Amino acid sequence: MTPEQLSTAIRACLVDAAASGRLGLPAGSVPDEVRVERPRSREHGDWSTSIALQLAKPAGLPPREVATLLAGLLAGVPGVQRADVAGPGFVNITLDVASAGEQARTIVELGASYGEGRAAAGERVNLEFVSANPTGPIHLGGVRWAAVGDSLARILAAQGADVTREYYFNDHGAQIDRFARSLLARARGEEPPEDGYGGEYIHEIADQVLAMAPDALTCSDPQEVFRQHGVELMFAEIKQSLHDFGVDFDVFFHENTLHESGAVQRAIDRLREQGQMFEKDGALWLRTTAYGDDKDRVVVKSDGQPAYISGDLAYYLDKRERGFDRVIIMLGADHHGYVSRMMAMCACFGDVPGTNLEILIGQMVNLLRDGEPLRMSKRAGTVVTMGDLVDAVGVDAGRYALARSSSDSMIDVDLDLLTKRTNDNPVFYVQYAHARTCNVTRLATEDGVRLADGFDPSLLGHDTESVLLAVLGQFPGVVARAAELREPHRVARYLETLAAAYHKWYDVCRVRPQDADEAVTDLHRTRLWVNEATRTVLARGLDLLGVSAPERM
RNA sequence: GCCCCCGUAGCUCAGGGGAUAGAGCGUCGCCCUCCGGAGGCGAAGGCGCAGGUUCGAAUCCUGCCGGGGGCACCA
């Protein structure tokens, strides 16, 4: 019996009790979802629910009375060995060993599709992340969103969403001009401009542009040549480093196309028709304060030039017109000030903020060296790039380290720790567990233990076994929750729990016969099912994080 | 001044209003005639402060303290 099945059974008991008048409330007032949790202490059984505590008040009964009623009904459910009332009104449930053991069969039979859900089925999601300006390599701060964003895309897809990964390529503004001027200055052997970029990569790109266009310095518009080729080269490098990090976008959207195609003007016209625009001081404004922004925003400046937000307006409208009902944008904490104006903009279009537009703010990565904060500056060229991270620890450790923490938390990354390749990255703990499952399967198969020859879940009675089975059963709920809250780190934390449960089980429950004299029994075969189920979930979970699941390490 | 995030073990971080708050690393002590010891078992060690809501608060609300970030007709 899976936790989902148990939850359904509990709800059915409650609806029954309500319908027959024993609960003192109408059947319709039983919550749609009854939460089933793992109790903290093993002595409290396999699963626990606090539903009786929640229903006590509406039912007008003491919590323990509701719990007692529920426990009595649950005791009659097939697969439930016992249901006890505990504490203020918890119902603790212990399953039959065989019923709990069926979890292994369920997983092995579903294979890689175990853990998938339909919570986001039919949703067309546009997930925009990274979107770093092509004025330099992606630095470590941006890498966090690459890891988290790509993982979120995988998790949403596992819930049935149709996800497009999108990168907004800002190739239009003043920062690009600064970049071009910096390249030009470098090529002429001059110091970078006051507001420009420094660093080794500027040197390299400038040389490459000169190689591509030998007359770049003598042509009529040198800066334009450096801009065009420089951005192209920088962009190619960014794409490549993302690809090497295991992140491939479906759409690279160029801001330029919005201005060239007239999309900006269309968006402005649309908003004007809806009465959201007004003119003041020679500029055109969007009345974002009507929807909670703290000030109105200039869309077209008094000099006639479009302000930055005009691109955002057009871009949002473009995404919606491409058929995405959910536009999700991941931004760093240094951009959180945009949230209220973006949400207001969404409302100005007549959409629903929070539904059609979601903005996820992630906190920054704090770089340390020797425990001391490291100040990074693109201007000074002291940046730690995505490539540096991959060179230092590899893709798996890098992605895992960045994806295993909540995006709400600022995280510290100590470069010396990383470059030392120490074992304190939990990704190895999880990957090792996976490699172990593969090893066990390989050796067991050589010994003649075959899944197809038998499965007797009533043999899975060891305590470490029931823990492992229960943890395996939590996977679909974890994935669903990670998708719902847009929190990939939940998957990583879950995998660490699963790996721990597996290691403990492995330590005391042998899968293979001890030696050639020992016959292969149903216990060996059944445990091989458990091993396979674990391998399946570890592999799928790592896949959701974009981390490899090695068979040997 | 206003807005957002954070404050949990020595360090880095988990923790869906529920029972005795967890993991990794670090420290100390155990376990290889045993499917891979990148493992397992044990010990020490913690919710910034003060109120409030609740049967019940690390979790929700308010204030304070501390850290980070943001408040342009820049992009």
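Letters go in sequence order (proteins before strands), and every chain restarts at 1. Keep in mind it's a predicted model, so treat the numbers as computed, not measured.
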Pairing partner of [N] (Watson-Crick or G-U wobble, both distances under 3.5 Å):
{"N": "C60(B)", "answer": "G52(B)"}
{"N": "C41(B)", "answer": "G29(B)"}
{"N": "G24(B)", "answer": "C11(B)"}
{"N": "G17(B)", "answer": "none"}

Which of the following nucleotides, [options], is nearest to the side chain of [X]?
{"X": "K295(A)", "options": "C35(B), A72(B), A14(B)", "value": "A72(B)"}
{"X": "A333(A)", "options": "G37(B), G69(B), U12(B)", "value": "G69(B)"}
{"X": "Y432(A)", "options": "A38(B), U12(B), G18(B)", "value": "A38(B)"}
{"X": "F428(A)", "options": "G68(B), A38(B), C35(B)", "value": "A38(B)"}
{"X": "H503(A)", "options": "G24(B), U20(B), G40(B)", "value": "G40(B)"}
{"X": "F90(A)", "options": "G39(B), C35(B), G18(B)", "value": "G18(B)"}

Just to confirm, is there a sub-4.0 Å distance from OP1 or OP2 of [N] to any side-chain nitrogen or oxygen of [X]?
{"X": "K504(A)", "N": "C41(B)", "result": "yes"}
{"X": "H336(A)", "N": "C71(B)", "result": "no"}
{"X": "Y429(A)", "N": "G40(B)", "result": "yes"}
{"X": "S409(A)", "N": "A14(B)", "result": "yes"}
{"X": "R490(A)", "N": "G16(B)", "result": "yes"}
{"X": "K301(A)", "N": "A72(B)", "result": "no"}

Using atom [atom1] of [X] as one end and atom [atom2] of [N] as the other, report the distance to the nearest whole Å.
{"X": "D412(A)", "N": "C25(B)", "atom1": "CG", "atom2": "C1'", "answer": "14 Å"}
{"X": "Q431(A)", "N": "G39(B)", "atom1": "CD", "atom2": "P", "answer": "13 Å"}
{"X": "D294(A)", "N": "G1(B)", "atom1": "CG", "atom2": "P", "answer": "17 Å"}
{"X": "E487(A)", "N": "C6(B)", "atom1": "CD", "atom2": "P", "answer": "10 Å"}

- prompt: Starting at the 5' end of RNA chain B, which residue's closest nucleotide do you reach first, L443(A) or I176(A)?
  reply: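 Nearer the 5' end of the strand: L443(A).
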task: On RNA chain B, check which nucleotide each of A435(A) and A86(A) is closest to and give me the residue with the more 5' one.
output: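 With A435(A) and A86(A) compared, the 5'-side residue is A86(A).
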Any donor-acceptor N or O pair under 3.5 Å, side chains [X], [Y]:
{"X": "T441(A)", "Y": "E532(A)", "value": "yes"}
{"X": "N170(A)", "Y": "Q175(A)", "value": "no"}
{"X": "T94(A)", "Y": "D46(A)", "value": "no"}
{"X": "T521(A)", "Y": "H524(A)", "value": "yes"}
{"X": "S340(A)", "Y": "D293(A)", "value": "yes"}
{"X": "R399(A)", "Y": "S151(A)", "value": "no"}

query: Under 6.0 Å from the six-membered ring centre of Y502(A) and within 45° of its axis: does the NZ or CZ of R436(A) meet both?
result: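 Cation-pi check for R436(A) and Y502(A): fails.
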- prompt: Has R297(A) got its NZ or CZ under 6.0 Å from the middle of the six-membered ring of W285(A), at an angle within 45 degrees of the ring axis?
  reply: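 No; the conditions do not both hold, so R297(A) does not lie above the ring face of W285(A).
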query: Looking at residues at least two apart in the chain, or sitting in another chain, which of them share a side-chain hydrogen bond (donor to acceptor under 3.5 Å, both in side chains) with R64(A)?
result: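 Per chain and number, R64(A) pairs via side-chain hydrogen bond (donor to acceptor under 3.5 Å, both in side chains) with no residue.
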- prompt: With sequence neighbours left out, what residues match E484(A) under side-chain hydrogen bond (donor to acceptor under 3.5 Å, both in side chains)?
  reply: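 Checked E484(A) against side-chain hydrogen bond (donor to acceptor under 3.5 Å, both in side chains); zero matches.
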Which ones in [range] lie close to RNA chain B, meaning a heavy atom under 4.0 Å from one of its atoms?
{"range": "residues 45-70 of chain A", "value": "S48(A), S50(A), L53(A), K57(A)"}
{"range": "residues 511-530 of chain A", "value": "V511(A), R512(A), Q514(A)"}
{"range": "residues 474-484 of chain A", "value": "R481(A)"}

For R442(A), all residues meeting side chain to side chain contact (heavy atoms under 4.5 Å, CB included), sequence neighbours excluded: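 R442(A) satisfies side chain to side chain contact (heavy atoms under 4.5 Å, CB included) with N439(A), E446(A), R552(A) only.
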- request: For the pair R486(A) and S407(A), evaluate side chain to side chain donor-acceptor pair (under 3.5 Å) and give the outcome as yes or no after the intermediate values.
  value: CA-CA 10 Å; R486(A) 285 80 164 105; S407(A) 296; over 6 Å; no
message: Between C49(B) and A9(B), how far apart are the two P atoms, rounded to whole Å?
response: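 Approximately 11 Å lies between the P atom of C49(B) and that of A9(B).
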Where H44(A) and P39(A) come nearest, the two heavy atoms and their spacing: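 Closest pair (atom of H44(A), atom of P39(A), distance): CB-CB, 3.6 Å.
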